[in-house]
Amino acid sequence: MDKYQLFHQLHHQPTGFVLANAWDLSSAQFIQTAGAKAVATTSWSIAASLGLADGENISFKTQIALVKSLTEHLHIPLSVDIESGYNNDPLQISQNVLALARLGVVGINIEDSDKATNALRSIEQQCTIISEIKKVLNENGFGRLFINARTDTYFLSESPFQATLERAKAYQDAGADGLFVPGLTNIEQITSLANAIDISLNVMAMNNFNSAKAAFAGGAKRFSLGNSLYELVGNTIKTSLTQIEN
């Protein structure tokens, strides 16, 4: 089984899987050594580790350099948080994804929020982006790369569940392999959404590692830790230093 097959299989096993998120090579190696079957990057933590705010404030060149170091040293599948694609042009976004695919990543997260306006892209615009990514990947032999379509409806919409449901079906039809809904924690809504789509549902830890089991019971297939590990490391350092000084 190759890395693409393994990563897809993790999304379709009877029980869901927890996907830990790294921000540099050492954190990714810690995750791998702990026995994780796959690892993903987290844009928030990468930016924070460089003293920046999240939101594509690191350059795509920096992103490429980090991913290259990860793919050269890891043996487990790597998925990359590409935020909103580092552009609004579907053609350029697809080329950015292709560059990552050529480095050996098996998946991406692509957001539907516009970093320039901090608003949701239209459904049509985001579907065009997803379709173009899928087309370019297929044309270049990377058709099995997992496209996880992230929607920021729970952060930016007044009626998040209905907005998510509408976008979920559209993104599925556009070629997404999974749907990522950070901010979604209501188990009934998780179940309703999971039952309404034919692709894997991904939710994220929101200050509660223990919510993974409930999310899986509700129908989610992937539970991302997001920036939780980064914050845990920071809190551990603070606590340790305080204990030493006292």
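Residues: numbered from 1 along the sequence shown.
Ring geometry for Trp23 versus Tyr230: interplanar angle over 60°, hence perpendicular rather than tilted (30 to 60°).
In terms of heavy-atom proximity, Ala20 sits nearest to Leu229 at CB-CD1, 3.8 Å.
The environment of CD in Glu158 is sparse: at most 12 heavy-atom neighbours from other residues, nucleotides or ligands sit within 6.0 Å. For Lys3, the NZ atom sits in a packed shell: over 12 heavy atoms of surrounding residues, nucleotides or ligands are nearer than 6.0 Å.
In summary, the side chains of Asn96 and Gln92 do present a donor paired with an acceptor at a separation below 3.5 Å, with no hydrogens or angles considered. Donor-acceptor pairing under 3.5 Å is recorded for the side chains of Arg121 and Asn88. Looking only at atom types and distance, the side chain of Thr128 has no donor-acceptor partner in the side chain of Ser131 under 3.5 Å away. No side-chain donor-acceptor contact under 3.5 Å links Thr42 and Asp81.
Residues His8 and Tyr4 place their aromatic rings such that the two centres sit no closer than 6.0 Å.
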> Passes side-chain contact (heavy atoms from CB on, under 4.5 Å), Ile46 versus Leu66? Steps please.
Replying inline: CA-CA 9 Å; Ile46 292 171; Leu66 171 60; 3.4 Å; yes

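Two residues are said to be in side-chain contact when any heavy atoms from C-beta on lie closer than 4.5 Å; Tyr171 and Asp112 meet this criterion.
A donor-acceptor distance shorter than 3.5 angstrom exists from the side chain of Thr71 to the backbone of Leu103, with no hydrogens or angles considered. With hydrogens and angles ignored, the 3.5 Å screen pairs no side-chain donor or acceptor of Thr62 with any backbone N or O of Ile58. No side-chain donor-acceptor contact under 3.5 Å links Ser113 to the backbone of Asn118.
Remark: Lys134 engages Asp177 in a salt bridge, criterion side-chain N to carboxylate O under 4.0 Å.
Just one residue in the list Thr153, Asp152, Asn148 forms a side chain to side chain donor-acceptor pair (under 3.5 Å) with Arg150, and that residue is Asp152.
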Side-chain donor-acceptor contacts of residues 213-220 below 3.5 Å, not counting sequence neighbours, with atom names and distances?
none

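Residue pairs meeting the salt bridge (Lys or Arg N to Asp or Glu O under 4.0 Å) criterion with at least one member in residues 62-74, sequence neighbours excluded, are Lys68-Glu72.
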